[in-house]
Amino acid sequence: MKKSTLVNRIMGFLKGGDEAKVTRFETKLGKYFSKQIAMRNEKIESLKDKIVDQEEAMTDSVVNIDLERINQTDGAESYCSSYVSRISEHVTKIEAYQAEIDVCKAEIARFEKVEATVYGEEKKAQEGPVN
């Protein structure tokens, strides 16, 4: 009888230890998903601020014409190229920031999909009904 009790106690201890490890892992996994998504959301906000700054700089560039260079016909024609190039640089930077935002959004969607796969219906039930 004592042998059976010892086995039961050992098995209970092992099971309990494994359960604690899995619970700890689940907690860390939840924090990992939250942290990864939060980091990307912060990056998106930073990129949106950079877009606003770049749009302001572009607006300034649009109205900032070098009057000395457009005084004569030849100067005006050559200035067109550099003027358009300067504006185009701003557009390119804005597009690059937007592309980075799109990548972050895709990464967030991927993490959310993986998280939903890991937690399944359990996660949805904890979050409550979606409106």
Side-chain angles (χ1 to χ4, degrees):
M1 250 343 192
K2 284 200 177 240
K3 200 173 203 181
S4 174
T5 307
L6 178 61
V7 169
N8 288 340
R9 284 190 1 220
I10 291 172
M11 292 307 291
F13 175 77
L14 291 175
K15 183 181 174 201
D18 289 345
E19 203 170 307
K21 289 176 188 175
V22 171
T23 300
R24 196 170 40 237
F25 172 72
E26 182 182 26
T27 301
K28 293 203 180 289
L29 185 61
K31 287 180 182 180
Y32 175 81
F33 282 124
S34 296
K35 185 176 181 180
Q36 294 302 313
I37 291 169
M39 284 174 26
R40 282 153 180 82
N41 280 327
E42 286 178 25
K43 185 173 181 180
I44 287 171
E45 289 306 312
S46 174
L47 290 166
K48 285 180 179 179
D49 290 342
K50 288 180 179 183
I51 288 174
V52 169
D53 292 344
Q54 199 59 232
E55 286 172 340
E56 289 173 2
M58 183 172 60
T59 300
D60 290 344
S61 290
V62 166
V63 296
N64 187 11
I65 296 173
D66 186 355
L67 297 176
E68 294 294 321
R69 292 192 59 194
I70 62 171
N71 278 338
Q72 298 174 349
T73 304
D74 290 341
E77 286 182 25
S78 66
Y79 183 64
C80 287
S81 175
S82 62
Y83 176 81
V84 169
S85 177
R86 189 173 70 225
I87 304 303
S88 181
E89 287 176 21
H90 292 293
V91 171
T92 300
K93 288 178 183 178
I94 291 169
E95 290 171 343
Y97 293 144
Q98 188 58 53
E100 284 186 65
I101 288 172
D102 294 342
V103 167
C104 287
K105 286 180 178 180
E107 290 173 350
I108 289 170
R110 176 58 110 189
F111 276 113
E112 288 172 344
K113 187 174 185 177
V114 171
E115 184 178 27
T117 300
V118 169
Y119 290 108
E121 295 300 317
E122 175 184 315
K123 181 78 171 173
K124 291 179 189 173
Q126 289 175 354
E127 291 175 354
V130 177
N131 294 331

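- One N or O on the side chain of Tyr83 and one on the backbone of Val62 form a donor-acceptor pair closer than 3.5 Å.
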Worked check of side-chain hydrogen bond (donor to acceptor under 3.5 Å, both in side chains) between Glu45 and Asn41: CA-CA 6 Å; Glu45 289 306 312; Asn41 280 327; over 6 Å; no
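- More than 12 heavy atoms of other residues, nucleotides or ligands lie within 6.0 Å of CZ in Arg86, so this atom counts as buried by the packing criterion.
- Under the 4.5 Å side-chain contact rule for hydrophobic residues, Tyr32 and Val118 share a cluster.
- With hydrophobic clusters built from ILVMFWY side chains whose heavy atoms lie under 4.5 angstrom apart, Ile65 shares a cluster with Val91.
- Put simply, the side chain of Thr59 gets close to the backbone of Glu55: a donor and an acceptor are under 3.5 Å apart.
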Full working for side chain to side chain contact (heavy atoms under 4.5 Å, CB included) between Lys43 and Glu100: CA-CA 9 Å; Lys43 185 173 181 180; Glu100 284 186 65; 3.6 Å; yes
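- Atom-to-atom distance recorded for Glu56:CD and Ser61:OG is 12.0 Å, nearest 0.5 angstrom.
- Considering every non-hydrogen atom in both Asn64 and Tyr79, the closest pair reads O-OH, 3.7 Å.
- Not a single donor-acceptor pair under 3.5 Å links the side chain of Ser46 to the backbone N or O of Glu42.
- Interatomic distance, Glu89 CD to Thr92 OG1, rounded to the nearest 0.5 Å: 7.5 Å.
- Distance check, rounded to the nearest 0.5 Å: CD of Glu95 to CG of Asp102 gives 11.5 Å.
- Between Ser82 and Arg69, some side-chain heavy-atom pair lies under the 4.5 Å cut-off.
- With rounding to the nearest 0.5 angstrom, the OG atom of Ser34 is 9.5 Å from the CG atom of Leu29.
- No donor-acceptor pair closer than 3.5 Å links the side chain of Arg40 to the backbone N or O of Glu107.
- The minimum heavy-atom distance linking Ser78 with Gly75 is given by the pair OG-O, 3.1 Å.
- Under a hydrophobic clustering in which Ile, Leu, Val, Met, Phe, Trp and Tyr are joined whenever their side-chain heavy atoms come within less than 4.5 Å, directly or via other members, Met39 and Leu47 fall into different clusters.
- Rounded to the nearest 0.5 angstrom, Phe111 CZ and Ile37 CD1 are separated by 7.5 Å.
- Interatomic distance, NZ of Lys93 versus CG of Asp53, reported as 11.5 Å (0.5 Å rounding).
- Residues Val103 and Ile44 do not share a hydrophobic cluster, defined by chaining ILVMFWY side chains whose heavy atoms lie under 4.5 Å apart.
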